[in-house]
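Bear in mind the structure is a predicted one, so any value in this text is a computation, not a measurement. Both backbone and side-chain heavy atoms feed into the values below; hydrogens, waters and symmetry mates do not.
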Amino acid sequence: RDYQERAVEQLRALMRRGVRRVLLVAPCGAGKGAVLAYLTGQGDARGDSGLVRAHRRELIDDLHTRIVAEGVRAGVVMRGHPLADPGARVQVGSIQTAVHRALPPPQYVVFDEAHRSVAPSYQRIVGRYPGAVVLGSTASPWRSDGRGLGGLYEEVVVAATTRELMDRGFLCEYTGFGFGEPDLSGVRVVAGDYDQRQLGRVMGGSAILGDIVGRWRDTAGGCRTVVFAVNREHSRSIVADFVTAGVAAEHVDGKTQRDERAAILDRLRSGTTQIVSNVEILTEGIDIPAVGCVILARPTLSTRLAVQMVGRGLRPAIGKERLRIHDHAGVLWRHGLPDAERDYALTADVAKRRRD
């Protein structure tokens, strides 16, 4: 796509100027993985070695598939992975493995979901390879405290905005519904966001749960839907209410076995399951264009998380005119609509802007 080509040329221009650490920003569904794979292929053609890092198995496997499709010999660095290839110039793997395993110094390091790259584990990788070019990619370039990523990256390239991609049909339009805002005055803030245990008690009230199911049945019944819940108990309560109402619904979280999680998402893709409620697992790297409704049942102070949750449903699909956003958590009111203008500067402090 032309905006991807434009982003590649901007990245190259910065590197020709000697910039060593660059951040690529593009909305969910803009094809960041395709850009990273293309750049990896170009580097491999020059004989450059590289490390490509992500934090979850699904992301690693997806990146490896894309990179191999570019004609690159690439190995996977992860314990017990069947695609290990120590002799390959390009190694795709997890952050955890990279921290604990010494590898030959690469010419470049790639961080997928780079909003995480201010964490100590990422910083140790950067410190280990001071001569490498660092390229990060993300849809939401803000830290958990709402600030930018200027502590690691020198320059940022914005491939496109959400509004631009909607106008051109690369992302679908949306209709947002705000179904009340919960009283969170008694919920404390921990590490920049609401305490999950206290938040779960507030959002798990029978009135809120009933409203989630009732509103969906009244206005979005039949849409394949992803629910963002507070914690495991809250998510399972939502699923139980949907099942009681005769709707096929399932739950996933970080402890759901990988094969089981894949099967659940396949049932959502096929329509066998209509509702999948999740806890902090479907905010990144999940591509299910058929999702026609996103239910926000998890209040958050994080603009990054808000953008990622809504972004899961913005991919276009045949027969899907627009995404329905059911907001039961005041997310849209606090963080703005999906196509709102946002500050992508490396020094952005969206937390301060919300307070102001």
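Aromatic ring orientation, Y344 versus W142: parallel (interplanar angle below 30°, classes split at 30° and 60°).
In this structure the side chain of P27 never reaches within 4.5 angstrom of the side chain of L314, judged on heavy atoms. L305 has its side chain out of reach of H335: every pair of non-hydrogen atoms, C-beta onward, lies at least 4.5 Å apart. For the pair I212/D241, no side-chain contact is recorded, criterion being any heavy-atom separation below 4.5 Å from C-beta on. In this structure the side chain of R342 reaches within 4.5 angstrom of the side chain of T303, judged on heavy atoms. Residues Q123 and L152 have side chains in contact (heavy-atom distance under 4.5 Å, counting atoms from C-beta outward). No side-chain heavy atom of P104 sits under 4.5 Å from any side-chain heavy atom of S49. With contacts defined as side-chain heavy-atom distances shorter than 4.5 Å, the pair M166/Y174 qualifies. Proximity of H251 to I264: side-chain heavy atoms (C-beta onward) are nowhere separated by under 4.5 Å.
For A297 against M203, the heavy-atom pair with the smallest separation is O-CE, 3.4 Å. Residues A30 and L165 come closest through the heavy atom pair CB-CD1, 3.6 Å. The two atoms that bring K320 and G313 nearest to each other are NZ-O, 2.7 Å, heavy atoms only. Residues D112 and S137 approach most closely at OD1-OG, 3.3 Å, considering heavy atoms. Heavy-atom minimum distance, R57 versus P82: NH2-CD, 4.3 Å. Pairing each heavy atom of I60 with each of G93, the nearest pair is CD1-C, 3.5 Å.
A salt bridge links D193 and R298; the closest N-O separation between the charged side-chain nitrogens and carboxylate oxygens is under 4.0 Å. Salt-bridge check for K255 with D253: failed, with every basic side-chain N at 4.0 Å or more from each acidic carboxylate O. Classification of D2 and R6 as a salt-bridged pair fails, no side-chain N sitting under 4.0 Å from a carboxylate O. Ion pairing of R163 with E173 is present here, as a side-chain N (NZ or NE/NH1/NH2) and a carboxylate O approach within less than 4.0 Å. Using a cutoff of 4.0 Å between basic side-chain nitrogens and carboxylate oxygens, E155 and R17 are scored as salt-bridged. At a threshold of 4.0 Å, the pair E284-R116 counts as salt-bridged, since one of the basic side-chain nitrogens sits closer than that to a carboxylate oxygen.
Side-chain contact, R322 with T175: a donor N or O sits under 3.5 Å from an acceptor N or O. Under 3.5 Å, the side chains of Q308 and R312 contain a donor-acceptor pair of N or O atoms. Under the 3.5 Å distance criterion, with hydrogens and angles disregarded, a donor-acceptor pair is assigned to the side chains of Y153 and S117. A donor-acceptor pair shorter than 3.5 Å can be found between the side chains of S270 and T272.
For R12, the CZ atom is densely surrounded, since the number of other residues' heavy atoms within 6.0 Å is greater than 12. Within 6.0 Å of atom CZ in R79, 12 or fewer heavy atoms from other residues, nucleotides or ligands are found, so the atom counts as exposed in its surroundings. No more than 12 heavy-atom neighbours from other residues, nucleotides or ligands sit within 6.0 angstrom of CZ on R217.
Of the possible polar contacts, none joining the E280 side chain to the N231 backbone as a donor-acceptor pair under 3.5 Å is found. With hydrogens and angles ignored, the 3.5 Å screen pairs no side-chain donor or acceptor of S302 with any backbone N or O of T300.
Remark: T40 engages no residue in a side-chain hydrogen bond (donor to acceptor under 3.5 Å, both in side chains) (not counting sequence neighbours). Scanning for salt bridge (Lys or Arg N to Asp or Glu O under 4.0 Å) contacts around R215 gives D211, with sequence neighbours left out. In this structure R128 satisfies the salt bridge (Lys or Arg N to Asp or Glu O under 4.0 Å) test with no other residue, sequence neighbours excluded.
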Side chain to side chain contact (heavy atoms under 4.5 Å, CB included) evaluation trace for V8 with L39: CA-CA 8 Å; V8 167; L39 289 171; 4.0 Å; yes
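V90 and L36 fall within a single hydrophobic cluster, where Ile, Leu, Val, Met, Phe, Trp and Tyr are joined by side-chain heavy atoms under 4.5 Å apart, directly or via other members.
Checking each of V126, L14, V109 against R21 for a side-chain contact (heavy atoms from CB on, under 4.5 Å) leaves exactly one that passes, namely V126.
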